[in-house]
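Here's the structure, in structure tokens; my notes come after.
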Amino acid sequence: MTRTIAITGATGDIAAALIQALPNDHLILLSRNIESLKEKYGHLTNVELLENRAVHNAQPISVDILINNAGFGLFKELSALTDQEIEDQFEINSIFPIQCIRFFNPKVQLINIASIAGKIPSAKSTIYAASKAALIAFSDAYRMERPDLIVTTVNSGPVKTKFHADNQAYLKKVGSNAITSDKVAAKIISALGKNKREINLPWQMTVIAKLRAIAPTLLDYLAVRFF
């Protein structure tokens with residue numbers, strides 16, 4: 001049966017891998033720039049293209065699955081961030097996903113792509129980590145509010161995408177712990193329609209997150225040394 005799946009941040013690398021793997025579903029793709037969407041996906045017959053502002057300016061619709069993929073991060077000290085940069089990170093990582101949920105009203109499954117940073121914050125990720133932690137907390141609360149809906153959070157570590165294009169030193173430091181967008185997409189595809197609470201990637205990050213809950217001071221010390 002054909003499903004209707006909405007994907008935000010559709011010009012991103014993870015979204016591209018998802019779209020390629022879903023040729024038999026009706027896809028509603030959102031991005032800030034409709035021209036970029038047309039250039040990338042205009043040749044596909046199974047897609048409907050929308051700009052982000054449609055969430056505010058159009059009548060709400062209903063989909064089977066919503067994948068909140070849009071994300072934005074700036075990795076520098078708090079003192080170096082402008083007020084606008086702080087607001088933008090919360091807007092894209094926390095507020096916009098919630099607005100999309102209200103607009104699309106998913107009936108079967110909601111997938112919020114958060115970040116392991118929401119569980120394991122580090123220096124120079126204060127606002128990014130806080131905005132993703134907010135999305136994780138929202139997902140946990142919304143799961144209780146909507147027992148009829150599968151709510152899945154995706155908490156990935158560093159992913160080899162254009163998201164980190166300007167942060168190559170970070171990718172080099174994390175080395176083999178960085179994963180590909182194809183792997184993230186494959187994990188999401190395998191979870192569609194399944195009652196899965198979390199997807200944590202790579203598996204080492206799950207262990208570290210659990211250790212941090214037990215020994216937060218030690219893990220903070222190690223994170224400072226590492227990052």
Side-chain angles (χ1 to χ4, degrees), residues 6-9 12 14-15 30 52 55-56 60 63 65-75 78 81 83-159 163 179 184 187-188 191-192 194-220 223-224 227:
I7 304 174
T8 72
I14 294 174
L30 270 77
N52 287 355
V55 171
H56 306 290
V63 300
I65 299 170
L66 168 62
I67 303 176
N68 270 321
N69 170 68
F72 172 56
L74 292 171
F75 300 94
L78 179 62
L81 291 168
D83 286 347
Q84 189 61 56
E85 289 172 335
I86 292 170
E87 291 175 11
D88 286 346
Q89 290 182 81
F90 272 102
E91 170 65 31
I92 296 172
N93 296 334
S94 307
I95 298 173
F96 183 64
I98 295 170
Q99 292 170 332
C100 286
I101 293 165
R102 288 162 64 89
F103 179 76
F104 286 112
N105 188 26
K107 297 297 186 184
V108 177
Q109 188 170 20
L110 165 65
I111 297 179
N112 284 330
I113 300 182
S115 170
I116 203 67
K119 294 188 172 191
I120 312 172
S122 61
K124 297 186 179 180
S125 73
T126 51
I127 302 304
Y128 178 74
S131 63
K132 289 298 189 177
L135 185 60
I136 293 171
F138 168 86
S139 301
D140 290 342
Y142 196 60
R143 187 180 295 110
M144 292 183 280
E145 188 173 309
R146 287 283 308 275
D148 60 311
L149 179 70
I150 301 170
V151 178
T152 305
T153 55
V154 180
N155 307 310
S156 68
V159 183
F163 185 89
I179 56 179
V184 177
K187 288 289 186 179
I188 293 171
L192 292 181
K194 297 178 182 176
N195 192 13
K196 193 166 185 66
R197 181 185 181 93
E198 288 185 343
I199 300 172
N200 296 308
L201 298 167
W203 67 266
Q204 296 95 324
M205 293 296 181
T206 304
V207 175
I208 294 171
K210 290 181 178 179
L211 287 175
R212 189 175 189 277
I214 299 170
T217 302
L218 174 61
L219 267 293
D220 285 355
V224 169
F227 290 108

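Remember, predicted model here, so these are calculated numbers, not experimental data.
To the nearest 0.5 angstrom, K187 atom NZ is 14.0 Å from I14 atom CD1. Rounded to the nearest 0.5 Å, atoms SG (C100) and CG (N69) are 11.0 Å apart. Distance check: F138 CZ to R143 CZ gives 11.0 Å after rounding to the nearest 0.5 Å. One finds the CD atom of E91 at 9.5 Å from the CD atom of Q84 (value rounded to the nearest 0.5 Å). For the atom pair CG (N155) and CG (N200), the distance works out to 4.5 Å, reported to the nearest 0.5 Å. In this structure, CD1 in I127 is found 4.5 Å from CD1 in I86, a value given to the nearest 0.5 Å.
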D140 vs R197, side chain to side chain contact (heavy atoms under 4.5 Å, CB included): CA-CA, chis, key distance, verdict: CA-CA 9 Å; D140 290 342; R197 181 185 181 93; 3.6 Å; yes

Working for side chain to side chain contact (heavy atoms under 4.5 Å, CB included), residues I111 and L192: CA-CA 9 Å; I111 297 179; L192 292 181; 3.5 Å; yes

Step-by-step side chain to side chain contact (heavy atoms under 4.5 Å, CB included) determination, N52 to T8: CA-CA 8 Å; N52 287 355; T8 72; 5.6 Å; no

Side chain to side chain contact (heavy atoms under 4.5 Å, CB included) between L30 and F103, worked out: CA-CA 12 Å; L30 270 77; F103 179 76; 5.9 Å; no

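Other residues, nucleotides and ligands place more than 12 heavy atoms under 6.0 Å from the CG atom of D148.
When side chains are defined from C-beta on, T152 does not count as touching I188, because their heavy atoms never get closer than 4.5 Å. Counting heavy atoms from C-beta on, the side chains of L149 and Y142 come closer than 4.5 Å. Annotation: side chain of I136 is not in contact with side chain of N112 (no heavy-atom distance under 4.5 Å).
For the pair N93 (side chain) and S131 (backbone), a donor-acceptor distance under 3.5 Å is absent. Q109 places a side-chain N or O within 3.5 Å of a backbone atom of A191 that can act as its donor or acceptor partner.
Nearest heavy atoms, G118 versus A133: O-CB, 3.5 Å. Between K119 and E198, the shortest heavy-atom contact is NZ-OE2, 2.7 Å. Across every non-hydrogen atom of A117 and A129, the tightest pair is O-CB, 3.4 Å. Here the shortest heavy-atom pairing between R146 and N105 reads NH1-OD1, 3.8 Å. Taking each heavy atom of G73 and Q89 in turn, the nearest pair found is CA-OE1, 3.6 Å. Of all heavy-atom pairs spanning S139 and V151, the tightest one is O-CG1, 3.6 Å.
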